[in-house]
There are 2 protein chains.
Amino acid sequence: MDGHARRIPDATVARLPEYLRILIELAEQRIGTVSSERLAELAGVNAAKVRKDLSYLGTYGTRGVGYDVDYLLFQMRQALGVTRDCPVVVVGAGNLGRALANYAGFSDRGFPLAAVVDADEAKVGTNVGDVTVRPMSDLAELVRANQPVIGVIATPGPVAQLVADQLVAAGVTAILNFAPALVSVPPNISLRKVDLALELQILSFYQSHRESGSASRGWT
Amino acid sequence: MDGHARRIPDATVARLPEYLRILIELAEQRIGTVSSERLAELAGVNAAKVRKDLSYLGTYGTRGVGYDVDYLLFQMRQALGVTRDCPVVVVGAGNLGRALANYAGFSDRGFPLAAVVDADEAKVGTNVGDVTVRPMSDLAELVRANQPVIGVIATPGPVAQLVADQLVAAGVTAILNFAPALVSVPPNISLRKVDLALELQILSFYQSHRESGSASRGWT
DNA sequence: GACTGTGAAGTAGTTCACAGCT
DNA sequence: AGCTGTGAACTACTTCACAGTC
């Protein structure tokens, strides 16, 4: 621990991965330093926000100069806890599950697919991307073998809570839920939700209330 | 028009589709009225928030009784502008694009797939779900024929801005961007972003900073 | 001169607590 | 009595503006 006890606001945490992505791009372009102004431009926010966000991680900039890209990148990875790859187990081999399993964007960015499981006997044994669909009964074993793992729920809504319970029982401590349903987990488990149709409905709102509507909650 | 001029906060707008989903479920179960308390429980928020959120739409509740499910459902659809289906055009027929095109959750919830287009000649003509991949040059025609349309960007990051520009030029006024890149559009166009790897990284943060971390924070 | 880091001011969102209707 | 609708209090987040450092 480096003694930075300050609690990082949720809003800041949600932006850190965006900065990470940009820093990776800058590093690939062999750019050595970057100003808060430039970072802000690339992230679609303003410079004050970038500086405040980064200040929660520590004092990594140099006044009059900017931030050293490689050093900030290292610290950002440290802060986000993405210093090692973290495998992902997808539950549900329907359209969405197969899609997510095939999506290269996960493995490319540090989240390789460990397995796909499904409760439906008919789907077990079929191939999805590089892996073969396994039965739900293998879940605990798969989690044990790959710990730590992030569980991804890609089932229909009605079984999402059941699946979440099984993931937690199997020892998963972070869950990403794509099912359109509320799931609750013990307080020590991290949970996030992505509902694709919901995003379209939000767009729909701003489209029908056009004339000054920021569908993107203030970042451009 | 019912004269409700009050601007609805972005945070409220982001929750309305969740209420909508719950109201649809309640209506299917033939439940006639619902209290803010019960709605809150189903949505995973607190009752005061539900009442305040709904009050932005109008005074649709009955004191001492609660909300009439069907009436509130009607008003909610009205407010969100989802009274008619709105077709979706997916740009990019890679893994993610094909996945989204196959994903039944869109059409089931009022966003039928109108078309998939791709810049790669090799992909044009192949089948994705019910549709055949069309060339980018068909975009303007497809948009004209289906107006209003929501455009979905499911391409690699580097071409996302180019695609967004083409969508806007073709007459699309709402865009959902799945590419990991910043996209900017004219102010009258609605834009939202979903980055799947980014969600996993946020989870990763809360997982490595376990002990009191709310990875979910009701927004998105 | 350039650019960070941060208190202070400003804005948005949440929760409280209760008046007011049924 | 039960439950909504809403000002008022509170909390979280953003932006300003400038002192401090290179």
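Note: hydrogens, waters and symmetry copies are ignored here, and every other heavy atom, side chains too, is used. These numbers come from a predicted model, not from an experiment.
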>> If you only use heavy atoms from C-beta on, which nucleotide in dC13(D), dT15(C), dC18(D) is closest to the side chain of Asn46(B)?
In response: dT15(C)

> Rounding to a whole Å, what distance do you find between Arg51(B):CZ and dT15(C):C1'?
Replying inline: 10 Å

> dG5(D) P sits how many Å from Ile8(B) CD1, rounded?
Replying inline: 14 Å

> Between atom CD in Glu37(B) and atom P in dT4(D), what is the gap in whole Å?
Replying inline: 8 Å

> Are any of Ser36(B)'s side-chain N or O atoms less than 4.0 Å away from OP1 or OP2 of dT4(D)?
Replying inline: yes

> Could you state the CZ-P distance from Arg7(B) to dA12(C), rounded to the nearest angstrom?
Replying inline: 7 Å

>> Looking only at the side chains, is there a donor atom on one of Ser190(B) and Gln207(A) sitting less than 3.5 Å from an acceptor on the other?
In response: no

> From dG5(C), dC16(D), dT14(D), pick the nucleotide closest to the side chain of Ala48(A)?
Replying inline: dC16(D)

> Counting side-chain heavy atoms from C-beta on, which of dT14(C), dC3(C), dC13(D) comes nearest to Ser35(A)?
Replying inline: dC3(C)

>> Side chain of Lys49(A) only, heavy atoms from C-beta on: which candidate in dT6(D), dC18(D), dT15(D) is closest?
In response: dT15(D)

> Of the nucleotides dC13(D), dG13(C), dT4(D), which one has an atom closest to the side chain of Pro9(A)?
Replying inline: dC13(D)

>> Tell me if the side-chain of Arg63(A) makes a donor-acceptor pair with the base of dT21(D), cut-off 3.5 Å, by modelled atom types.
In response: no

>> If you only use heavy atoms from C-beta on, which nucleotide in dT22(C), dT4(D), dG20(D) is closest to the side chain of Thr62(B)?
In response: dT22(C)

>> I need the CG-P distance between Asp68(A) and dT21(D), as an integer number of Å.
In response: 21 Å

> In this structure, are over 12 heavy atoms from other groups packed under 6.0 Å from Gln78(B) atom CD?
Replying inline: yes

>> Rounded to whole Å, how long is the line connecting atom CG of Asp53(A) with atom P of dT6(C)?
In response: 13 Å

>> Counting only heavy atoms not in Gln147(B) (residues, nucleotides, ligands), do more than 12 fall under 6.0 Å from its CD?
In response: yes

> Can you check the Tyr60(A) OH to dT21(D) C1' distance for me, whole Å?
Replying inline: 19 Å

> Under 6.0 Å between ring centres, would you say that holds for Tyr60(A) and Tyr71(A)?
Replying inline: yes

>> So if I take every side-chain heavy atom of Tyr67(B) and compare against dT14(D), dA17(D), dT4(D), which nucleotide ends up nearest?
In response: dT4(D)

>> On the nucleotide dT14(D), are OP1 or OP2 found under 4.0 Å from the side-chain N or O atoms that Arg15(A) carries?
In response: yes

>> By nearest atom, which of the nucleotides dT4(C), dT14(D), dT6(D) is closest to the Lys52(B) side chain?
In response: dT6(D)

>> Would the distance check show the side chain of Asn177(B) and the main-chain N or O of Ala181(B) forming a donor-acceptor pair, the cut-off being under 3.5 Å?
In response: yes

> Between atom CG in Leu72(A) and atom P in dC3(C), what is the gap in whole Å?
Replying inline: 16 Å

